[in-house]
Amino acid sequence: MDELVGRLVAELGIDREVAEQAVGIILAFLIKEAPADKIKPLLDAMPGAEAAAAAAPSGGMFGGIMGVGTQLMGLGLGMGDVQGVARSVLAYAREKMGEDAVSEMVGSIPGLAQFA
């Protein structure tokens with residue numbers, strides 16, 4: 001997870017702690033929303049993903065994509081940063097598990113394709 005967090009800090013200029021929390025929030029969402037067979041390749045390819053998700057701040061009153069966006073904005077991220085973090089996490093996932101696996105995972109979660 002350090003590599004991914006480092007990329008977010010370097011590419012988006014966000015604070016390291018915020019980047020760690022943002023990654024955890026996104027991973028927690030993916031773990032919760034994606035079918036087990038679609039998320040398993042990600043968890044296998046990204047050691048520490050489950051721990052990062054478990055350490056993420058708990059969700060607010062909104063679920064789904066809206067809830068994730070609300071949580072990320074609660075960390076002080078603007079809408080552009082939220083999109084940047086989501087796209088960077090998915091790009092990193094593509095590097096680790098391949099385009100087809102990420103496409104299948106993204107396709108299994110309503111509303112996620114807009115960030116892919």
Side-chain angles (χ1 to χ4, degrees):
M1 298 284 77
D2 282 341
E3 180 183 356
L4 174 56
V5 169
R7 282 189 193 185
L8 294 175
V9 171
E11 292 173 8
L12 302 175
I14 60 177
D15 180 75
R16 184 167 189 82
E17 184 176 330
V18 171
E20 289 172 355
Q21 291 178 3
V23 168
I25 289 167
I26 291 170
L27 291 172
F29 168 76
L30 294 174
I31 290 168
K32 179 181 177 203
E33 298 294 328
D37 65 321
K38 305 292 185 213
I39 193 67
K40 184 171 180 352
L42 177 73
L43 299 178
D44 291 345
M46 294 175 65
E50 289 179 277
S58 60
M61 61 187 282
F62 298 108
I65 293 287
M66 284 294 293
V68 172
T70 300
Q71 283 183 277
L72 293 173
M73 286 189 277
L75 297 175
L77 298 175
M79 186 51 94
D81 293 328
V82 168
Q83 291 176 334
V85 168
R87 288 187 176 123
S88 293
V89 169
L90 291 174
Y92 185 80
R94 280 186 193 90
E95 291 175 22
K96 297 298 181 185
M97 58 190 264
E99 180 67 42
D100 291 342
V102 172
S103 293
E104 287 181 24
M105 180 185 65
V106 168
S108 72
I109 302 171
L112 188 58
Q114 66 186 336
F115 295 100

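Position 1 is the first residue of the sequence; numbering continues from there. What you see is a predicted model; the values in this text were computed from it and never measured.
- At a threshold of 4.0 Å, the pair K38-E33 does not count as salt-bridged, since none of the basic side-chain nitrogens sits closer than that to a carboxylate oxygen.
- Between R7 and D2 no salt bridge is recorded (no basic side-chain N to carboxylate O distance below 4.0 Å).
- We find that E3 and K96 are joined by a salt bridge, their nearest charged nitrogen and carboxylate oxygen being less than 4.0 Å apart.
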> L75 and E17: side chain to side chain contact (heavy atoms under 4.5 Å, CB included), yes or no, with the steps?
Replying inline: CA-CA 10 Å; L75 297 175; E17 184 176 330; over 6 Å; no
>> Would D81 and V18 count as a side chain to side chain contact (heavy atoms under 4.5 Å, CB included) here? Give the steps.
In response: CA-CA 11 Å; D81 293 328; V18 171; over 6 Å; no
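- To the nearest 0.5 Å, atom CG of residue L4 and atom OG of residue S88 are 7.5 Å apart.
- Nearest heavy-atom pair across V23 and L8 is CG2-CD1, 3.4 Å.
- When all heavy atoms of A19 and V5 are compared, the closest pair comes out as CB-CG1, 3.9 Å.
- Summarising the geometry of I65 relative to P110, their closest heavy-atom pair is CG1-O, 3.8 Å, with the distance given to 0.1 Å.
- Here the closest non-hydrogen pair linking M1 and A52 is SD-CB, 4.0 Å.
- Here L42 contributes atom CG and L27 contributes atom CG; the two are 6.5 Å apart, rounded to the nearest 0.5 Å.
- Atom CG of residue L72 and atom CE of residue M79 lie 9.5 Å apart, to the nearest 0.5 angstrom.
- In this structure, the separation between CD on Q21 and CG on L77 is 9.5 Å, given to the nearest 0.5 Å.
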>> Please determine whether side chain to side chain contact (heavy atoms under 4.5 Å, CB included) holds for the pair L112 and L30, giving the CA-CA distance in whole Å, both sets of side-chain angles, and the decisive distance to 0.1 Å.
In response: CA-CA 10 Å; L112 188 58; L30 294 174; 3.7 Å; yes
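- Atom CD of E104 sits about 8.5 Å away from atom CE of M97, to the nearest 0.5 Å.
- Between Y92 and M46 the shortest side-chain heavy-atom distance falls below 4.5 Å.
- Once rounded to the nearest 0.5 Å, the distance linking CD1 of I26 with CD1 of I31 reads 12.0 Å.
- Nearest heavy atom pair, residue G84 against residue L12, reads C-CD1, 3.7 Å.
- S103 and E99 share a side-chain donor-acceptor pair at under 3.5 Å.
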